[in-house]
Trainee: 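Quick one: this structure, given as structure tokens, is what I'll be asking you about.
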Amino acid sequence: MSGGRAGFALACALWLGAGCGAGSSSGDARGDNPKPAVAPAAATADDALPPEKTGGFDGRRAFAHVARLVQMGPRQAGTPGIIPAQEYILSELKSYGCTAEPDDFHADTPAGSLAMKNIVVKIPGEHPEIVLLAGHYDTKRLENFVGADDGGSSAAVMLELARLLCGKPRHDTVWIAFFDGEEAVNREWKDPDNCYGSRQMAARMAASGDLKKIKAMILADMVGERNLRLPKGGESSTKWLTDLVWGVAARLGYKDIFVDEEYDVGGDDHFSFMHRGVPATDVIDLAVPYWHTPEDTLDKVSARSLGIVGHVFLESLPELARRPLSGANKPTLRK
Ligand SMILES: [Zn+2]
């Protein structure tokens with residue numbers, strides 16, 4: 001599940017140039033260089049692509065959301081730490097003119113009954129079929145863990161998508177979900193101790209009858225890494241939908257990021273919908289060296305990566321609009 005040191009070294013090379021590992025090397029003649037060493041953990045949005053190159057999606061704005069969330073500190077489900085994040089998401093959505101519906105619920109967890117809150121934006125289209133875009137905003141229960149990539153990046157991409165999509169005329173109805181309680185409360189990921197928010201939403205939609213209207217669910221999780229590499233979900237996703245999203249990425253020139261390889265994610269919020277027959281896919285880079293460590297900090301996040309993922313999500317919408325809702329689109333699930 002982890003890309004290990006090779007991934008780190010490559011990320012380093014791309015992001016810091018010669019600055020990576022500064023201070024550890026020796027023997028080169030730089031005694032006469034008056035310049036200070038490059039700070040090894042500069043957190044900037046300098047690599048952002050211009051929004052006109054990413055369908056209007058502004059990687060800098062998305063990066064600024066991650067920065068704000070990280071500033072709040074740990075944002076663990078069911079703790080006071082997550083409340084500023086909920087308030088921030090709701091106030092940003094309001095400022096974009098989005099209709100946001102908070103769903104407050106209690107989840108039974110190994111730490112007892114925890115108060116959680118999903119936030120769902122509903123953007124009406126000409127057609128009632130729903131395309132559900134989603135990500136989680138809670139962070140893992142670990143000491144000193146601020147989840148810049150894991151929890152921050154997905155929430156940031158959803159916020160910037162909401163800014164672009166709310167109030168614009170469209171074909172399909174689009175819902176954007178910010179899930180609480182994706183992370184397992186215990187250290188280990190063991191069902192049913194995970195994905196509390198997405199299970200809640202899927203159950204609610206099943207009860208209301210809306211679940212049958214979902215044409216596709218596209219999940220983002222850990223999409224901010226500088227050296228972003230997103231393999232296909234294989235059997236842990238719906239093939240036609242994964243092919244559609246990765247096809248869009250290839251057409252846009254992001255084949256080096258949305259790579260034509262498969263992996264098994266093991267479990268994520270899209271399973272809550274797939275297990276109920278909804279076509280779903282997960283855009284995730286799990287092979288990062290800082291995964292679930294205190295090193296998941298803002299300097300690991302790239303405005304360029306956020307912009308590229310946002311662009312692919314945006315451009316997947318017209319492709320999905322051309323596709324009819326089909327009850328025959330049964331997802332493939334691991335046996
Ligand atoms: Zn996580």
Side-chain angles (χ1 to χ4, degrees), residues 1-4 7-8 11 62 65-66 69-70 72-79 81-82 85-86 89 107 109-111 114 116-119 134-159 177-201 218-231 233 236-237 263-274 280-302 305-306 309:
M1 259 202 328
S2 164
F8 173 72
H65 292 314
V66 180
L69 291 165
V70 164
M72 296 170 194
R75 305 174 300 284
Q76 303 166 356
T79 71
I82 200 168
Q86 294 164 342
I89 291 168
T109 78
L114 295 181
M116 297 191 189
K117 188 197 291 282
N118 288 335
I119 297 168
H136 77 94
Y137 71 93
D138 64 304
T139 56
K140 177 77 178 161
R141 288 184 164 232
L142 298 168
E143 198 130 347
N144 299 320
F145 182 77
V146 295
D149 192 15
D150 195 0
S153 67
S154 41
V157 167
M158 292 307 132
L159 275 175
F178 299 79
F179 294 132
D180 200 346
E182 183 266 351
E183 297 288 5
V185 167
N186 285 338
R187 178 117 200 171
E188 299 308 317
W189 179 278
K190 191 161 174 265
D191 296 341
D193 175 28
N194 53 57
C195 301
Y196 295 99
S198 53
R199 268 186 289 137
Q200 157 78 8
M201 184 173 171
I218 312 177
L219 181 69
D221 192 4
M222 302 178 68
V223 290
E225 201 207 356
R226 286 173 184 269
N227 181 33
L228 192 62
R229 202 165 181 283
L230 302 160
S236 53
S237 71
Y263 76 117
D264 181 357
V265 67
D268 205 346
D269 281 321
H270 66 308
F271 273 26
S272 303
F273 291 82
M274 264 180 83
T281 195
D282 192 6
V283 176
I284 183 170
D285 184 354
L286 253 181
V288 294
Y290 52 78
W291 180 64
H292 287 183
T293 75
E295 276 74 57
D296 185 354
T297 45
L298 188 61
D299 53 288
K300 308 305 183 302
V301 173
S302 150
S305 297
L306 296 171
V309 170

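First listed ligand is number 1; within each ligand, the first listed atom is number 1.
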Trainee: Under a plain distance cut-off of 3.5 Å, with no hydrogens placed, do Asp138 and His136 share a side-chain donor-acceptor pair?
Mentor: yes
Trainee: For N/O/S atoms only: which one belongs to Asp150 and is nearest the Zn ion (ligand 1)?
Mentor: OD2
Trainee: Do the side chain of Ser305 and the main chain of Glu225 share a donor and acceptor less than 3.5 angstrom apart?
Mentor: yes
Trainee: Between Arg226 and Val301 (side chain of the first, backbone of the second, donor and acceptor by atom type, cut-off under 3.5 Å), is there such a pair?
Mentor: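 Judged by distance alone, yes, a pair lies under 3.5 Å.
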Trainee: Check His292 and report its N/O/S atom nearest to the Zn ion (ligand 1), by atom name.
Mentor: NE2
Trainee: So, Asp221 and the Zn ion (ligand 1): N/O/S under 2.8 Å, yes or no?
Mentor: no
Trainee: Any N/O/S atom, side chain or main chain, of Glu183 closer to the Zn ion (ligand 1) than 2.8 Å?
Mentor: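 Looking at Glu183, which is the residue asked about, there is an N, O or S atom under 2.8 Å from the Zn ion (ligand 1).
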Trainee: Are Arg141 and Phe145 in a cation-pi contact, defined as NZ or CZ under 6.0 Å from the six-membered ring centre and within 45° of the axis?
Mentor: no
